[in-house]
Number of protein chains: 2
Amino acid sequence: MQVVCSAAIVSANIFSTTSRDDPSPADTEVPELPEPTLKDVAALAGVSPRTVSNVVNGYVHVAAATRAKVEAAIQELDYRPNILARNLASGRSGQIAVVIPYLDTPYFSELLQAIIPRARHRGFNVLIDQTDGDPAHEAELIRRRPRGFAYDGMIFSPLGLAQADLSQRDPDLPLVVLGERSSDGEFDHVGIDDVAAARDAVDHLISLGHRRIAAIGDQPYRTGEAAQRRTAGYRQAHEHAGLPVDDSLVIVTPRFNRVDGAEAMGHLLDREDPPTAVFAYSDLVALGAIRTILQRGLRVPEDVAVIGYDDIEDGRYNTPTVSTIAPDKAGIAAAAVDRLLERIDSGNDLPGKEIVCPYRLVPRESTVGPVTPD
Amino acid sequence: MQVVCSAAIVSANIFSTTSRDDPSPADTEVPELPEPTLKDVAALAGVSPRTVSNVVNGYVHVAAATRAKVEAAIQELDYRPNILARNLASGRSGQIAVVIPYLDTPYFSELLQAIIPRARHRGFNVLIDQTDGDPAHEAELIRRRPRGFAYDGMIFSPLGLAQADLSQRDPDLPLVVLGERSSDGEFDHVGIDDVAAARDAVDHLISLGHRRIAAIGDQPYRTGEAAQRRTAGYRQAHEHAGLPVDDSLVIVTPRFNRVDGAEAMGHLLDREDPPTAVFAYSDLVALGAIRTILQRGLRVPEDVAVIGYDDIEDGRYNTPTVSTIAPDKAGIAAAAVDRLLERIDSGNDLPGKEIVCPYRLVPRESTVGPVTPD
DNA sequence: GTGAAAGCGCTAACAG
DNA sequence: CTGTTAGCGCTTTCAC
């Protein structure tokens, strides 16, 4: 419950802009010397522009003496190639777009943290585009390159779009889609085996003795494919253990965030026969659910055990720490970047490929309780 | 305490790459028609390239009839300008860099979420660079434009660099620095009044009756300017209330994260005379501190009250919710972007400007306790 | 208000 | 292995 700040306590500065005009003492109009060009370097080194280009781009077949001369000239002029010119000439921007629903959702920001260095190491810069899961925005992004943005390929994490909608894409856009493939497609997919992971999560709860296990996060509509795979795993675990599935324990939520988790948990606890354990489809949902459980004066995991999905940092520092399915984010990032660059290099002339990355089940306090240090 | 997954529970897929070769039935070698150019449009519309350019760029002085002809031609050819060519010709990339220490730190990701749409609305794309607070990396970024990256200006949130180090920058780089100015500089600053905000936070604790108030997050070395401003505010609040400052209650931490908060709080609670309230220099520090307090079986705020800084989403959903200083992130983002674009447009020929944005004190459960709904 | 033409600085055939 | 040369597709002075 948030207290809206009352006038007495609030201290709000007026948006003031104080311009201290730093009367720059050395206001000498510098001759504005132009940046040296490749041609300048060539002239100084006494070689052709072509050779300078070769040196700059690290071509192998350059005589050592020539290379030395050119490098000396580059040093002397403090030459740096003009990327804008290179881009035009080569027809490449050296940038890839990463399209995700939410930048501030920990799972995505953690994934980004892995993608960016990987791409950069390969000489590519990353453009980030946040869609808010808006289907129109997502569709627009893959249908044609939006005006004003330059990128050579895209890593795309769809939320508002179903897999089927992806067929409407610009066929010339090198594309790698995050998340498991749930229908046929002609591009690359990178993800973990959601069904197996969900099954493992629920198996874990069952192995702890739980028999009434709720699932929070189902999305039984066409864009809810990722959620549906988790639900499938939930059912498989029950089947495998010979337990019946109580469909009323499978809770639908519009999103995978804290609020949804908190509300859904509230409804579950209002029942006459609340579950003893919960499989949340994301760690944020799990955190929301845990908050509700604690607010009701119940304990986690003694009264209700909770397991999440994603292994975000928040879950590792929560009280209690949150058990979870931990996808190999670094592996996913590496696979996605590498495949996309491969695709770009090939002129986008590659068959669709399915890349399945590892995951781990990580039991923490929210299912097994506090661990006493040895 | 995290249980490292034991072999029995872990389910780790081998990194398998199953290539389903989608034998694309329609493997018809498309004639690979080249993208239409501005020249093509001009030819079709019967005008000069110049005129097409004028239309595309929304120039005012184009006869209505001409414009209509050109637009029809654009439609017909499905023409989109080649950004790479435009960039070279105009000497602009249409991109700005935003350099922050950590992408997954909620404060920065929330700020980014505000910066990106603002920049995009103005026709600029945002490149994100994460420095991990590495001084060498930060220095390199402002010293000269790194090879391979194209941007017209930079919004920079320094962490490893002191304000004084910023003078070493490339004077031709349009630069807006986030955070309050603490020494003289010749570029723009955008931030809130940290000293006043910190003072307000501590005033709030004092007004609740607290007399022994700890501060967690001081950084008494040259790059810790932001922390030092908070400490100054902490002292001012004490002075103002006629309270003595116990220097041993001002805790130094290397960073502003959960772990540091948790550890510092541990030390404070180990004392014979623990504080009854804590001013944490970030919400993450506050969250870490709260976790430690709860783990010791103490209550927040009854035994120890905690107030943070930044107003991140995690604090709004924590148990208890975290009182905080809420900077106007949207205002900061807007001011930074607008000023940077102004600077770019002016050819970087503008005096340094100090922009101070508003903030609010937001009391929540961690200081005033649960609020009973009416 | 519109046309003509000269680059922007680099890459990449094509020679040699 | 290196020089020559023609663009990449757009913007932008300069005239008319």
Side-chain angles (χ1 to χ4, degrees), chain A residues 32-71 73-74 77-94 123 145 147-150 152 344-345 347, chain B residues 32-71 73-74 77-95 123 145 147-150 152 345 347:
Chain A
E32 192 64 50
L33 59 165
E35 285 281 307
T37 73
L38 180 145
K39 214 175 261 181
D40 297 329
V41 175
L44 180 60
V47 299
S48 82
R50 165 68 202 253
T51 302
V52 177
S53 179
N54 281 347
V55 171
V56 166
N57 294 304
Y59 278 13
V60 194
H61 299 299
V62 179
T66 315
R67 158 162 287 135
K69 266 193 307 185
V70 172
E71 279 170 348
I74 290 177
L77 294 176
D78 189 27
Y79 166 75
R80 268 163 308 163
N82 180 321
I83 297 134
L84 271 28
R86 168 191 307 218
N87 288 348
L88 175 58
S90 67
R92 288 225 189 144
S93 67
R145 308 188 180 207
R147 171 176 172 177
F149 296 96
D152 303 327
I344 291 170
D345 280 339
Chain B
E32 192 65 50
L33 59 165
E35 284 281 307
T37 73
L38 181 146
K39 211 175 264 181
D40 298 329
V41 175
L44 180 60
V47 298
S48 82
R50 164 68 203 253
T51 302
V52 178
S53 179
N54 282 347
V55 171
V56 167
N57 293 306
Y59 278 12
V60 193
H61 298 300
V62 180
T66 316
R67 158 163 286 134
K69 267 194 307 185
V70 171
E71 279 170 349
I74 289 177
L77 296 176
D78 189 27
Y79 167 76
R80 269 162 306 161
N82 180 320
I83 297 132
L84 270 29
R86 166 189 310 217
N87 288 348
L88 175 58
S90 67
R92 290 229 188 139
S93 66
Q95 302 190 140
R145 310 189 178 204
R147 171 178 171 175
F149 296 96
D152 303 327
D345 279 339

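Letters A, B, ... mirror the listed sequences (proteins, then strands); counts begin at 1.
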Starting at [atom1] of [X] and ending at [atom2] of [N], how long is that distance when rounded to a whole Å?
X        : N       : atom1 : atom2 : answer
Tyr59(B) : dG1(C)  : OH    : C1'   : 14 Å
Leu77(B) : dG9(D)  : CG    : P     : 14 Å
Leu84(A) : dT11(D) : CG    : C1'   : 13 Å

Search all heavy atoms of [X] against all heavy atoms of [Y] and return the closest pair with its distance.
X        : Y        : result
Arg67(A) : Val55(A) : CA-CG2, 4.2 Å
Glu35(A) : Asp40(A) : O-OD2, 4.3 Å
Val47(B) : Lys69(B) : CG1-NZ, 4.2 Å

Filtered N/O pairs between nucleotides 7-10 of chain C and protein, under 3.5 Å:
from    : atom 1 : to       : atom 2 : distance (Å)
dC10(C) : OP1    : Tyr79(A) : OH     : 2.4
dC10(C) : OP1    : Asn82(A) : N      : 3.1
dC10(C) : OP2    : Leu38(A) : N      : 2.5

Would you call [X] and [Y] a side-chain contact if the rule is heavy atoms closer than 4.5 Å?
X        : Y         : answer
Leu84(A) : Ser93(B)  : yes
Leu77(B) : Leu44(B)  : yes
Ile83(A) : Arg145(B) : no
Ile74(B) : Val56(B)  : yes

Does Thr51(A) have a side-chain nitrogen or oxygen under 4.0 Å from the phosphate oxygens OP1 or OP2 of dT2(D)?
no

Selection from dT2(D), dT4(D), dT2(C) that lies nearest to any side-chain heavy atom of Ala63(A)
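So the side chain of Ala63(A) is nearest to dT2(D).
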
Looking for any heavy atom pair under 4.0 Å, which part of the strands does Val56(B) touch: base, sugar-phosphate only, or nothing?
nothing

Would you tabulate the nitrogen or oxygen pairs shorter than 3.5 Å linking the protein to nucleotides 13-16 of chain C?
from    : atom 1 : to       : atom 2 : distance (Å)
dA13(C) : N6     : Arg50(A) : NH1    : 2.9
dC14(C) : N4     : Arg50(A) : NH1    : 3.4

Sidechain-backbone polar pair: Ser53(B) side chain, Pro49(B) backbone, donor-acceptor under 3.5 Å:
no

